[in-house]
Number of protein chains: 4
Amino acid sequence: MGAVKTKRMPRAVREQQMLDAAVRIFGRRGYRAASMDEIAELAGVSKPLVYLYLNSKDDLFSACIRREAAALTAAVRAGARLGLPADRQLWEGLRAFFTHTARHPDGWAVLHLQARTHGEPFAAETAAMRTEIVTFVQQLIAEAARAAACAGEAEGGPGRLPEHEAAGLAEALVGAAESLAAWANTTPGVTARQAATTLMNFAWAGLGNLMEGRPWTPPAPGA
Amino acid sequence: MGAVKTKRMPRAVREQQMLDAAVRIFGRRGYRAASMDEIAELAGVSKPLVYLYLNSKDDLFSACIRREAAALTAAVRAGARLGLPADRQLWEGLRAFFTHTARHPDGWAVLHLQARTHGEPFAAETAAMRTEIVTFVQQLIAEAARAAACAGEAEGGPGRLPEHEAAGLAEALVGAAESLAAWANTTPGVTARQAATTLMNFAWAGLGNLMEGRPWTPPAPGA
Amino acid sequence: MGAVKTKRMPRAVREQQMLDAAVRIFGRRGYRAASMDEIAELAGVSKPLVYLYLNSKDDLFSACIRREAAALTAAVRAGARLGLPADRQLWEGLRAFFTHTARHPDGWAVLHLQARTHGEPFAAETAAMRTEIVTFVQQLIAEAARAAACAGEAEGGPGRLPEHEAAGLAEALVGAAESLAAWANTTPGVTARQAATTLMNFAWAGLGNLMEGRPWTPPAPGA
Amino acid sequence: MGAVKTKRMPRAVREQQMLDAAVRIFGRRGYRAASMDEIAELAGVSKPLVYLYLNSKDDLFSACIRREAAALTAAVRAGARLGLPADRQLWEGLRAFFTHTARHPDGWAVLHLQARTHGEPFAAETAAMRTEIVTFVQQLIAEAARAAACAGEAEGGPGRLPEHEAAGLAEALVGAAESLAAWANTTPGVTARQAATTLMNFAWAGLGNLMEGRPWTPPAPGA
DNA sequence: GATGAATGAGCTTTCATTCAT
DNA sequence: GATGAATGAAAGCTCATTCAT
């Protein structure tokens, strides 16, 4: 089941193999229930080598968190390219998010489930990443509000969206995304694109609008 | 810190004390890091008694999950009384949810964090409760859609909301609620009522409507 | 080889059994080479019980040192009864010392060899005991010097013995005793009494006097 | 802190660097607590090279013991030149001993503390060296006794010193010297010369004589 | 000659769990 | 009903030692 047992690899390669194995085990069992023995075996190396390269179980877990957090944020940022209009950025970011979490379920489990349930140094590391994303979303929301305000100025439109309010909305949107990621990954036949559409409908149009027959429509695939 | 050491209590009471202690320890440390020693000490009883009453660590954890899940669903159902209009039911249910999670943070941690990170029998138990709530929310959404459909029939309004769509929306709404619960519990000055308002705005009106200056307004407190 | 496996003993008894075993193993192997497995087996208990009662390897080693140091100092003090003349006190103290170390070779090894080679907290504990004994000997020497000074006053005898000088002499005497203890325990046919006589001759009369035919004579056995 | 990393040195030099490092680490940590990693690092070479040159940890430790024992006995023998009268030989030998141990504390620690606390093959190696020194001292004592016997023959002086007695006295003297070495190395302001004087007073004149005002006086420095 | 890569074996420590009273 | 006494099993970590280059 483990990696093919190839002898004598350069350190950098072995380290990645170890991290791959660790993410898988940590993601499925949790920090405490994961055993270094199992991780080493899955990585196809002996336990002392894991310690030689990664120092300790704590450090190994930390390294997993950092690697997966970096990969996820990179994926989202690559999706939500600057310069697009706010709703389009949000849409692309969500698609990237659902795609990435679907492809790396163990990494996502490490970040979303395991790191938060373990003690402080680790919870803080994921929290930092999450805060980064929430802030990003909050800015998108604020930007969209500003745009709407300009457009509606002539006809006495809305004022600015207070910052505190935007923070709560961003929290809600990110939480909904996290929840839909799990839903999409466990419900057969739900793609990343569909999950993103559902969430955009929910967030951009709102339930009320949906029911009145004005759902939000995703942009054409190749646009 | 532990319960006062009182001798000779009826079994039911002792069991509740043990569950109280267990929920607290499990909620804060996680399943694996929680030790039966610590739980027994906090409950003010000897370890063999814990085993006599609750069989094993697994059974004890299960009992915690069941008790806390029952308490949470009871609180939500009591809030969202049948007979109210759908949006009102949702509003009351959310308020009850935020209030309950704020008052029982350890129980909520057991359900939302710890049970899911531990292996299958336990994740399934919380998942069942969560599904129950998601289904309830889905029904509310569908009902509201039906109502909107009737009202709008004259003017060529929307058709029915497809079930699959409603499921995703419910998932998103519950996820947003879970996220806001953590946010409200860690952000000073955010009450259950405010969290519920934020979410209702997000869900019912949608970001788009918000930006056009038509936020959703909660009903008057005593209504 | 280990203690007879008797089940269910009161804690105090078990603790002594564990200390007995630990002194033996630590004395023969040294701190690092001694394994908790071996100690537990020799004590006739399981390893977790050793940890339950004695906490850690360090604490166990400490407990050994304290117990053996107390036993040795008690034995010496019981021998060198106050009120006797200084040379007599020294003689009795030495006899007690050689007797005790011969009867408890492992305990003596823990104090004299093992505790000193291990890190600071432990070396300090034995050092304290040794200092106590050196100081005691130093006082005896000083007292004897005072007595000699009084007796020799008429004929222009010696002045007082400077304290610094007395300290070095006491160090030398104690070192000689430690060395002779090992010698007596490994040389067949050398008793504690003979070791004490040799040292008294060395110390009290000096090599020069010995060679001039005036050896120091031990008091009659029953005196 | 380690040796400067110079490439391509002749084998003999590299070996001495390794032994230097090993003596330092073994002397301070003890055999078991010393790690081959630390020794190799301090010696400025890679671990496999240590094994190539010195075979195993046991062999390395043995080599340390042999080198340090040889150095110490050489120093003592160089001090106590043959041809001098016995008391003068003893005095010079002691001075050399105290000087050498003060200059090579780690080497002395290996011989006096660490080798004896580790298992049999090593204890025997130091014991051999020690026996050599004890025998040498014993011969000095016997020689002095013979001289005294000749001088005192006219006046009905002492008979010969029995061999068994001389062995005990030599043991005592060496033990006293070992003890004073530690004392001199830890007590500020005590030189090798002073330690030797104290011991000569103790051994040659005896406490009794000292107290009667006839201390032994060291020969003039340059004599 | 010299080293980066790798491991088998063993250590201390902890924990869920069970008797015997 | 309640507990002090006791343990099997496993986990994290380290170390002396060896290949393959």
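Just so we're on the same page: letters track the sequence lines, and every chain starts at 1. Below, all heavy atoms of this structure are taken into account, side chains as well, without hydrogens, waters or symmetry copies.
- Residues that satisfy the salt bridge (Lys or Arg N to Asp or Glu O under 4.0 Å) test with A:R28, not counting sequence neighbours, are A:D106.
- Here the P atom of nucleotide E:dG10 and the CZ atom of C:R29 are 14 Å apart, to the nearest Å.
- Residues passing the side chain to side chain contact (heavy atoms under 4.5 Å, CB included) test with C:R29, sequence neighbours excluded: C:I25, C:A33, C:A34, C:E38.
- Taking atom CE on C:M9 and atom C1' on E:dA20, their separation rounds to 15 Å, with Å as the unit.
- Residues D:T101 and D:H104 are not in side-chain contact: their nearest non-hydrogen atoms beyond the backbone lie 4.5 Å or more apart.
- C:R130 meets the salt bridge (Lys or Arg N to Asp or Glu O under 4.0 Å) test with C:E171, C:E178; sequence neighbours excluded.
- Looking at residues two or more places apart in sequence or on another chain, you find a side chain to side chain donor-acceptor pair (under 3.5 Å) between A:S62 and A:E125.
- Of the residues in residues 114-123 of chain D, not one places a heavy atom less than 4.0 Å from an atom of DNA chain F.
- Residue pairs meeting the ring-ring contact (aromatic ring centres under 6.0 Å, His included) criterion with at least one member in residues 9-45 of chain B, sequence neighbours excluded, are B:F26-B:Y31, B:F26-B:F61, B:Y31-B:F61, B:Y31-B:H118, B:Y31-B:F122.
- With pairs defined as Watson-Crick or G-U wobble and both atom distances under 3.5 Å, the stems of at least three pairs that touch DNA chain F come out as E:2-21 with F:2-21.
- OP1 and OP2 of E:dA5 both lie 4.0 Å or more from every side-chain N or O belonging to A:R14.
- Residues D:V110 and D:R24 form no side-chain contact, since every pair of their non-hydrogen atoms from C-beta on lies 4.5 Å or further apart.
- Non-hydrogen atoms lying under 4.0 Å from DNA chain F are contributed by A:P48, A:Y51, A:S56, A:K57, all within residues 48-60 of chain A.
- Residues satisfying the salt bridge (Lys or Arg N to Asp or Glu O under 4.0 Å) test with D:R116, not counting sequence neighbours, are none.
- Side-chain N/O atoms of A:K47 and base N/O atoms of E:dT7 include no donor-acceptor pair closer than 3.5 Å.
- The shortest distance between side-chain heavy atoms of A:I39 and A:L60 falls below 4.5 Å.
- Look at C:R11 and you won't find any side-chain N or O under 4.0 angstrom from OP1 or OP2 of F:dA6.
- A salt bridge links D:D20 with D:R67: at least one charged nitrogen is closer than 4.0 Å to a carboxylate oxygen.
- What separates CD of A:Q17 from P of E:dA5 is a distance of 13 Å, to the nearest Å.
- By the salt bridge (Lys or Arg N to Asp or Glu O under 4.0 Å) test, B:D37 pairs with B:K47, sequence neighbours left out.
- Whole-Å rounding puts the A:M18 CE to E:dT7 C1' distance at 12 Å.
- In this structure, the side chains of B:Q16 and B:V13 stay at 4.5 Å or more apart for every pair of heavy atoms.
- A:Y53 meets the side chain to side chain contact (heavy atoms under 4.5 Å, CB included) test with A:R11, A:R14, A:E15, A:M18, A:L49; sequence neighbours excluded.
- D:E41 has its CD atom 15 Å from the C1' atom of E:dT3, to the nearest Å.
- Near DNA chain E, meaning a heavy atom under 4.0 Å from it, residues 31-38 of chain D has no residue at all.
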